[in-house]
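To start, the structure under review is shown below, and the notes come after it.
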Amino acid sequence: MRLATWNVNSLRSRIDRVEAFLARHDVDVLALQETKGREDQLPLMGLQALGYEVAVAGTNQWNGVAVISRVGLDDVEVGFPEMPAFGDPPAAEARALGATCGGVRVWSLYVPNGRKVDDPHYHYKLDWLARLHDAAGSWRDTPTALVGDWNIAPQDEDVFDIAAFATSTHVTRPERAAFEAFLTDGWTDLARPYTPGPELYTYWDYYRQRFERNRGMRIDFLLGSPPLAARVTGAAVDRDERAGKGASDHAPVIVDLQD
DNA sequence: ATGGTTGTAATACAA
């Protein structure tokens with residue numbers, strides 16, 4: 001089974017790229033973040049014609065997550081237990097969608113950005129992560145994938161210039177501790193062993209030709225529970241998807257799992 | 001240098 005995650009930065013504006021990506025890599029299950037737009041506007045018919053089922057959640061003009069699967073899509077759950085809400089209306093903050101696809105529980109996650117360290121959104125981000133961690137404790141013994149845009153760069157090498165992030169979110173000690181708590185609990189960063197060196201980054205800002213200069217960040221992750229991590233045979237970042245006109249600012253990350 | 005770019009039933013705001 002081939003599982004991928006991608007912050008697509010608007011599903012409607014990039015539906016052609018999504019369909020091409022699924023075909024190019026023979027993807028079975030794709031988790032999307034920042035789908036944006038209203039649910040009834042999302043162009044899902046083409047995906048359905050290709051044999052995929054689609055579940056979407058929490059679409060507004062900024063957030064929204066989805067799971068696309070051609071190996072079954074069952075037990076869809078929007079949000080996780082005790083997921084904190086923020087903003088007005090709170091429904092706009094749905095950032096998590098769980099579905100069982102081919103025997104794997106897949107959670108598409110869009111972790112709150114946090115904005116600035118002195119912003120209420122930063123505390124919301126930490127609270128959100130703590131509550132996700134609580135919920136995930138009961139998922140560890142089943143094949144489960146927590147995938148998406150974590151908005152955290154866990155290691156210094158995960159940003160192009162750590163000095164440039166001295167006062168920024170994404171690299172603070174509390175954010176990194178929140179991410180590390182999952183690893184301590186036995187979750188595994190499934191793609192990291194297969195994406196070293198120049199393949200490290202998953203996100204490049206649109207500003208200032210960051211992609212062309214490879215000044216990126218690694219903030220998109222697939223964390224696997226122990227039963228799932230044992231099945232990984234390979235992984236890759238599709239950097240080519242970030243190139244050219246009309247790209248999302250994130251590249252997809254792909255993981256292969258033994259059946 | 002607080003810029004720059006991209007998206008959205010938007011023309012401000014989030015990323």
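Numbered from 1 within each chain, the chains take letters A, B, ... in sequence-line order.
- Regarding contacts with the backbone of B/dC13, every side-chain N or O of A/Arg115 stays at 4.0 angstrom or more from both OP1 and OP2.
- Taking atom P in both B/dA14 and B/dA9, one finds a spacing of 16 Å when rounded to whole Å.
- Between A/His170 atom NE2 and B/dA15 atom P the separation is 9 Å, expressed in whole Å.
- Spacing between B/dG4 and B/dA15 at atom C1', rounded to whole Å, works out to 13 Å.
- The environment of A/Gln48 atom CD is dense: over 12 non-hydrogen atoms of other residues, nucleotides or ligands sit within 6.0 angstrom.
- Using modelled atom types, one finds a donor on one side chain and an acceptor on the other under 3.5 Å when comparing A/Ser108 with A/Gln33.
- Annotation: B/dT11 and B/dA1 have their P atoms spaced 33 Å apart (nearest Å).
- For the contact set between residues 205-213 of chain A and DNA chain B, defined by any heavy atom under 4.0 Å, the members are A/Tyr206, A/Tyr207.
- Side chains of A/Asn9 and A/Ser248: a donor-acceptor N/O pair is absent below 3.5 angstrom, by distance only.
- Comparing A/Asn151 and A/Leu11 along DNA chain B, the residue whose closest nucleotide (by nearest heavy atom) sits nearer the 5' end is A/Leu11.
- Salt-bridge check for A/Arg2 with A/Asp256: passed, with a basic side-chain N closer than 4.0 Å to an acidic carboxylate O.
- A donor-acceptor pair shorter than 3.5 Å can be found between the side chains of A/Arg105 and A/Thr100.
- The CG-C1' distance, from A/Asn63 to B/dG7, rounds to 13 Å in whole Å.
- Taking atom OH on A/Tyr203 and atom P on B/dG7, their separation rounds to 13 Å, with Å as the unit.
- More than 12 non-hydrogen atoms from other residues, nucleotides or ligands lie less than 6.0 angstrom from CZ of A/Arg213.
- Counted by atom type alone, A/Thr195 and A/Tyr201 present zero donor-acceptor pairs between their side chains at under 3.5 Å.
- The separation between A/Gln33 atom CD and B/dG7 atom P is 17 Å, rounded to whole Å.
- Inter-residue side-chain proximity for A/Val65 and A/Leu109 is flagged as unmet; no heavy-atom pair is nearer than 4.5 Å.
- Distance, A/Ile152 CD1 to B/dA15 P: 15 Å, rounded to whole Å.
- B/dG7 sits 26 Å from B/dT2 when the P atoms are compared, rounded to a whole Å.
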Protein and nucleotides 9-11 of chain B: nitrogen or oxygen contacts under 3.5 angstrom:
{"residue": "B/dA9", "atom": "OP1", "partner": "A/Gln41", "partner atom": "OE1", "Å": "2.7"}
{"residue": "B/dA9", "atom": "OP2", "partner": "A/Arg12", "partner atom": "NH2", "Å": "2.3"}
{"residue": "B/dA9", "atom": "N7", "partner": "A/Gln41", "partner atom": "NE2", "Å": "2.9"}

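- One interatomic measurement links the two molecules: NZ of A/Lys245 to P of B/dT6, which rounds to 7 Å at whole-angstrom precision.
- Heavy-atom neighbours of A/Asp185 CG from other residues, nucleotides or ligands within 6.0 Å: above the threshold of 12.
- Taking atom CG of residue A/Asn7 and atom P of nucleotide B/dT8, one finds them 13 Å apart after rounding to whole Å.
- Both A/Tyr110 and A/Gly246 sit near DNA chain B, but only A/Gly246 has its closest nucleotide nearer the 5' end.
- Put simply, CG on A/Asp119 is 21 Å from P on B/dT2, counting in whole angstrom units.
- The 12-atom threshold is exceeded at CD of A/Glu157, counting heavy atoms of other residues, nucleotides or ligands nearer than 6.0 Å.
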